[in-house]
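All remarks here apply to the structure that follows.
Quick caveat, the model's predicted, so the values are computed rather than measured. Each residue takes its place number in the sequence, starting with 1.
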Amino acid sequence: MSQSRAASRSIGATAAEGAPGASRGAGILLPLLSGIGGLGLWELAVRGFDLPSYLLPAPSEIAVVMAEKAHLLLDQLQYTAFAAVTGFVIAIIIALVLGALIAASPAVERVLYVWLVVFHAIPKVVVAPLLLVWIGFGLKSSIIFVVVFTFFPMLVNTVTGLRSADPDLLLLTRSMGGNAWQTLRTIRLPSAMPSIISGIKISITLAPLGAVIGEFVASNKGLGHMLIQSVGSLEVPTAFAAVVVVSVLGIITWYLAEYVERIAIPWHASQRGRAEE
């Protein structure tokens with residue numbers, strides 16, 4: 001009887017050890033199969049209905065165009081990625097500084113927050129021609145578009161996170177003579193990190209979008225400009241190739257944000273849960 005119990009425990013332990021590996025394998029295999037199946041159905045639909053390439057190119061045709069124009073796509077990608085990264089870094093700095101001021105001072109919140117909300121409510125595409133007039137044509141406009149698209153979600157999450165600090169810890173810090181900077185650095189900012197990281201993850205995928213829209217309006221380089229030119233000349237496979245590269249850039253930035261999250265808040269419950277999987 002004891003031997004059978006020991007055997008069952010051993011089998012259970014082996015299954016438990018193998019489960020995470022199986023789960024990780026399924027987490028990679030299932031999306032891969034789903035993607036391959038979707039592309040296969042797309043290819044079959046285009047071939048079966050004999051759709052012209054100017055209407056909907058097949059994935060194989062897009063892949064051929066990407067291979068033929070790889071150098072051009074990479075060159076345009078560098079321009080778009082530079083605008084996206086630069087604008088996003090500027091947006092992070094603005095959001096953190098304004099978020100700290102708003103969270104620290106009700107007077108600053110009453111003065112600034114309503115204007116920030118009004119600014120965010122204005123459709124960015126509508127303002128695009130005005131930004132072109134004010135800022136000019138070129139890389140600066142694309143960077144400003146990225147800042148405009150990305151800073152507000154980070155600002156909201158920063159303010160929310162800074163205000164979510166434990167009141168007892170804040171009271172303890174003040175009772176021990178801590179000033180506003182020490183309270184921000186030791187209590188408010190660490191407790192706000194999960195919220196700030198969430199804002200970054202939301203905004204970082206908007207950075208390539210802002211860069212591309214900026215290139216639609218105010219640039220003669222970049223993937224957005226390439227996309228507009230391709231559509232205008234009915235080179236739809238090239239336009240799809242540019243869309244694919246922009247999408248890959250967005251995916252890379254998302255996983256980069258996830259990597260930063262794991263490094264910045266390894267102590268958070270969400271990261272402990274990942275480590276156990």
Side-chain angles (χ1 to χ4, degrees), residues 19-85 87-88 123-126 128 139 142 145-146 149-150 201-259 277:
S23 177
R24 282 192 293 269
I28 297 173
L29 183 61
L30 291 178
L32 181 61
L33 291 176
S34 175
I36 293 173
L39 291 175
L41 290 174
W42 180 357
E43 184 82 24
L44 289 174
V46 172
R47 302 299 179 190
F49 291 101
D50 196 22
L51 297 176
S53 60
Y54 66 83
L55 186 62
L56 181 65
S60 58
E61 188 176 1
I62 297 169
V64 170
V65 171
M66 291 182 69
E68 292 175 347
K69 300 186 177 182
H71 180 73
L72 177 61
L73 287 167
L74 289 175
D75 184 54
Q76 303 302 319
L77 173 62
Q78 291 178 10
Y79 186 88
T80 301
F82 180 80
V85 171
F88 187 66
K124 309 300 182 297
V125 178
V126 174
L139 183 62
S142 297
F145 270 98
V146 175
F149 267 79
T150 58
K201 290 173 69 176
I202 293 169
S203 297
I204 198 167
T205 53
L206 297 175
L209 173 63
V212 167
I213 291 179
E215 291 161 0
F216 284 169
V217 179
S219 180
N220 58 359
K221 282 195 71 176
L223 292 170
H225 177 71
M226 184 179 180
L227 178 59
I228 286 292
Q229 276 196 325
S230 301
V231 171
S233 57
L234 291 181
E235 297 178 8
V236 178
T238 303
F240 268 86
V243 170
V244 169
V245 175
V246 172
S247 301
V248 171
L249 177 60
I251 292 169
I252 291 172
T253 56
W254 169 264
Y255 281 106
L256 180 61
E258 290 232 312
Y259 177 72
E277 290 179 356

Item to check | Value rounded to 0.5 Å, distance of CE in Met66 from CD in Glu61 | outcome: 13.5 Å

Next on the checklist: How close do Val146 and Ala84 get, counting heavy atoms only, and between which atoms?
Outcome noted: CG1-O, 3.5 Å

Item to check | From Leu44 atom CG to Phe49 atom CZ, the distance as rounded to the nearest 0.5 Å | outcome: 10.5 Å

Checklist entry - Just by distance, do the side chain of Ser34 and the backbone of Leu30 share a donor-acceptor pair under 3.5 Å? => result no

Next on the checklist: So, taking the atom named CG in Leu139 and the one named NZ in Lys221, what distance separates them when rounded to the nearest 0.5 Å?
Outcome noted: 9.5 Å

Item to check | By side chain to side chain contact (heavy atoms under 4.5 Å, CB included) - contacts of Ile252 (at least two apart) | outcome: Val248

Checklist entry - Going from NZ on Lys201 to OH on Tyr255, what distance comes out if it is rounded to the nearest 0.5 angstrom? => result 10.0 Å

Checklist outcome for this item: So CE of Met226 and OG of Ser219: to nearest 0.5 Å the spacing works out to 13.5 Å

Next on the checklist: Nearest 0.5 Å, please: how far is CD in Gln78 from CG in Leu73?
Outcome noted: 11.5 Å

Next on the checklist: I'd like to check the side chain to side chain contact (heavy atoms under 4.5 Å, CB included) partners of Leu55; sequence neighbours left out, ordered by chain and number.
Outcome noted: Leu51, Pro52

Checklist outcome for this item: Residues pairing under salt bridge (charged side-chain N to carboxylate O under 4.0 Å, His left out) where one sits in residues 31-56, two or more places apart or in two chains, turn out to be Glu43-Arg47

Item to check | Flag if over 12 foreign heavy atoms under 6.0 Å of CZ, Phe216 | outcome: yes

Checklist entry - When you look at Val65 and Phe240, which way does the side-chain contact (heavy atoms from CB on, under 4.5 Å) test go after all the steps? => result CA-CA 9 Å; Val65 171; Phe240 268 86; over 6 Å; no

If you look only at distance, which donor and acceptor atoms sit under 3.5 Å apart when one is on a side chain in residues 202-215 and the other is two or more places apart or in another chain?
residue	atom	partner	partner atom	Å
Ser203	OG	Thr150	O	2.8
Ser203	OG	Gly199	O	3.1
Thr205	OG1	Ile202	O	3.2
Glu215	OE1	Thr80	OG1	3.1
Glu215	OE1	Leu223	N	3.2
Glu215	OE1	Gly224	N	2.7
Glu215	OE2	Thr80	OG1	2.9

Next on the checklist: Holding to side-chain hydrogen bond (donor to acceptor under 3.5 Å, both in side chains), I want the full list of residues that pass it with Lys69, two or more places apart in sequence or in another chain.
Outcome noted: Thr238

